[in-house]
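Here the structure is laid out as structure tokens; the discussion comes afterwards.
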Amino acid sequence: MRPFPETDPGEPALGSPGRYLLWLAAAHRASAVLAVGYGVLCTLAQAFVPAAIGRGVDRGLIAGDRGALVAWCAVVLGLGVTQAVAGTLRDRCSVTNRFGASYRTMQLVTRKAARLGAELPRRVSAGTVVSVGATDITRIGAALESTARGGGAVVSIAVIAGVMLTVSWQLGLVALVGVPLSAAAIAALMRLLHARQQGLRKEQGALADLAVDIVDGLRVLRGIGGERVFADRYRERSQRVRHEGVRVAGVESSVAAGRLLLPGLLVTVIVWLGAHFVGTGRMSAGALVAFYGYAVFLAEQLRRATSMVDQLTRAFVAARMVTDLLAMEPGLGSGDRELAVEGARGPLRDPGSGLEIPPGRFVAVACARPDDMLLLADRLGRYVDSPATLGGTPLAEFPLAEVRRRILVVDHDARLFSGGLAAQLDPHGPAGGGAAVGGMDGGGADGATNGSAHGAADRLRRALDTASAHDVVEALPEGLDQEITGGREFSGGQRQRLNLVRALLADPDTLVLVEPTSALDAHTEARVAERLGAHRHGRTTVVFTTSPILLDRADHVVLVEGGTVVAEGPHAELLADARYRAVVTREVTVA
């Protein structure tokens, strides 16, 4: 079985969770149709077993006809084999539907997250994205899987009800009335369950957001002694989740009880009436056996049908979260003007603040307000709409992907991903390059790949030296081949140095760094400041910082106050300006 269709069905039909679920079913049309077909065949084979047993009782046992008994036993055997084969094929198709829907949803969510890029954290919480990936895609897959058994149950209920009406209209009528009433009662509980599940889903998302915030800021919390405050806040939020979970569990228990109780009552009524008809001669013993089998079968199929409704209800809630995420569109437009190499190396200017970055120089920007650093960096990198220009042309006129390639913005919150460290630092480096750098000998390659491997190793070694990060790599058991888990094993200063290595290896025309050394000690920061300008010689480098060590090494320093450039020049000359001293040396000016 193929987990995905051979042709791409295109973008999902958004607008409602129901339309999205239908789109997923259409994306797996072949396996979905086969699953339901096999499900119907399997349940019908099971449904006709009571009829065959009843005929065997009447025409074989009671009539004393051995041939008829053997024939009907063979029919029962054939129905059992058909049920087993069809059930196996149904389950194979169902699993295909489940994982196909889950993986396709994950692909769409990942693609959307990549398209939104830096806009994603501003528009949706990390906890919501985590919940979609961890919970919602599983529920959507389970719903598509349930349609095979549930669809077969619905069809078999209708067929067996018709058979019962033909044999005994009284008992058939009881089944036709009892099954819809039972289903209606359970459906009412399902609607209540749907509402409760939505409330629980929102509380779980809020709890996940809080957990992400605590993990991200754990070191800061420990530094200011805020663990207890956030622990109390997490405890309060988790109790709210528990309360909502208890409310959901109450309704779920009622649904489970209804699934057992109502079909059981229906079976009891049918068997009692059937026994009465046998006693009065209105029905044969074999027919009673068949009706008992029908009643038990209907009870089981009713549970399957309501289980399908339950899964679809959960999937509807999950699909709403998914469609809300997929409906987001990037707020930044993309131009179509070609960005020539000469233009990319022109001056980068932000008219709003008056900040101008000359090409090929190492410029440091000191901001009186920390918020201005991120704001100006976002403008220069076009992460927000702004009139910023490159070589005199507005950035908005260039393709956004090209701007991202030419201008790289690295803020102090940049993160490492899980995987091999070498691949994290240099995704385009040759395989095995990490080991060469980690060993610091580079002597293991030969042939045509030798030059390429050595070139990548030299670039990586030079970037590690500039960022003073050799000690970080050497402390790892496997060096650059070490598998990391999102950088959690590193301190704040170590992560900053590794992020700087990654930025240097990207080698963009313009590199914008926001507080790249804020977590480093003075000696390490001095080494980085001394080497950064030389490493980026001939390229444009912008560093937003108030560190005197970095400012002293910059070719040019700009002071921004109130969102506007108020002074610029060498660090030593700007120290004569009281405003600059107040920002850089934390000197308090008394009026």
> Hey, mind stepping through Thr43 and Val155 against side-chain contact (heavy atoms from CB on, under 4.5 Å) and telling me if it holds?
Replying inline: CA-CA 8 Å; Thr43 52; Val155 172; 5.8 Å; no
Between [Y] and [X], is there a side-chain heavy-atom distance shorter than 4.5 Å?
X      : Y      : result
Phe48  : Val75  : no
Met106 : Ile137 : yes
Leu108 : Arg111 : yes
Leu408 : Arg405 : no
Ile140 : Leu24  : yes

>> My understanding is that only residues two or more places apart in sequence, or in another chain, count here; which of them pass side chain to side chain contact (heavy atoms under 4.5 Å, CB included) with Leu273?
In response: Leu171, Val174, Val269
>> Applying side chain to side chain contact (heavy atoms under 4.5 Å, CB included), can you list everything that pairs with Val76, at least two apart in sequence or on another chain?
In response: Val49, Ala52, Ile53
For the pair [X] (side chain) and [Y] (backbone), establish whether a donor and an acceptor sit closer than 3.5 Å, ignoring hydrogens and angles.
X      : Y      : answer
Gln482 : Glu478 : yes
Asp65  : Leu61  : no
Gln424 : Ser418 : yes
Arg59  : Trp72  : no
Gln46  : Cys42  : no
Arg495 : Phe490 : yes

Please determine if [X] and [Y] form a salt bridge, counting it only when a charged side-chain N lies under 4.0 Å from a carboxylate O.
X      : Y      : value
Asp91  : Arg149 : yes
Arg320 : Asp324 : no
Glu329 : Lys112 : yes

What are the two closest non-hydrogen atoms of [X] and [Y], and how far apart are they?
X      : Y      : value
Arg139 : Ala318 : CB-CB, 4.1 Å
Gly151 : Met308 : N-SD, 3.8 Å
Leu69  : Gly56  : CD1-O, 4.0 Å
Ala315 : Ala143 : CB-CB, 3.2 Å
Thr323 : Tyr20  : CG2-CB, 3.6 Å
Ala86  : Tyr38  : O-CB, 3.6 Å

Could you state the interatomic distance from [atom1] ([X]) to [atom2] ([Y]), rounded to the nearest 0.5 Å?
X      : Y      : atom1 : atom2 : result
Thr105 : Leu325 : OG1   : CG    : 11.0 Å
Ser156 : Leu41  : OG    : CG    : 11.5 Å
Thr82  : Leu77  : OG1   : CG    : 9.0 Å
Leu21  : Thr147 : CG    : OG1   : 10.5 Å
Asn97  : Arg92  : CG    : CZ    : 12.5 Å
Cys93  : Glu145 : SG    : CD    : 11.5 Å

>> Checking Arg240 against His243 for the side-chain contact (heavy atoms from CB on, under 4.5 Å) test, could you report, in this order, the C-alpha distance in whole Å, the side-chain angles of both residues, the deciding distance, and whether it holds?
In response: CA-CA 5 Å; Arg240 291 171 64 177; His243 176 69; 5.6 Å; no
> Could you give all pairs that pass the salt bridge (Lys or Arg N to Asp or Glu O under 4.0 Å) test and reach residues 163-180, with sequence neighbours left out?
Replying inline: none
>> side-chain contact (heavy atoms from CB on, under 4.5 Å), that's the test. Do Glu489 and Thr485 meet it? Break it down for me.
In response: CA-CA 7 Å; Glu489 53 270 82; Thr485 57; 3.6 Å; yes
>> More than 12 heavy atoms of other residues, nucleotides or ligands under 6.0 Å from CZ of Arg98: yes or no?
In response: yes
>> Working note: Gln107 + Arg104, criterion side chain to side chain donor-acceptor pair (under 3.5 Å); need CA distance, chi angles, decisive distance, verdict.
In response: CA-CA 5 Å; Gln107 285 178 329; Arg104 186 172 293 278; 4.8 Å; no
> Run the side-chain contact (heavy atoms from CB on, under 4.5 Å) check on Leu421 and Asp481 step by step: do they pass?
Replying inline: CA-CA 6 Å; Leu421 180 58; Asp481 293 327; over 6 Å; no
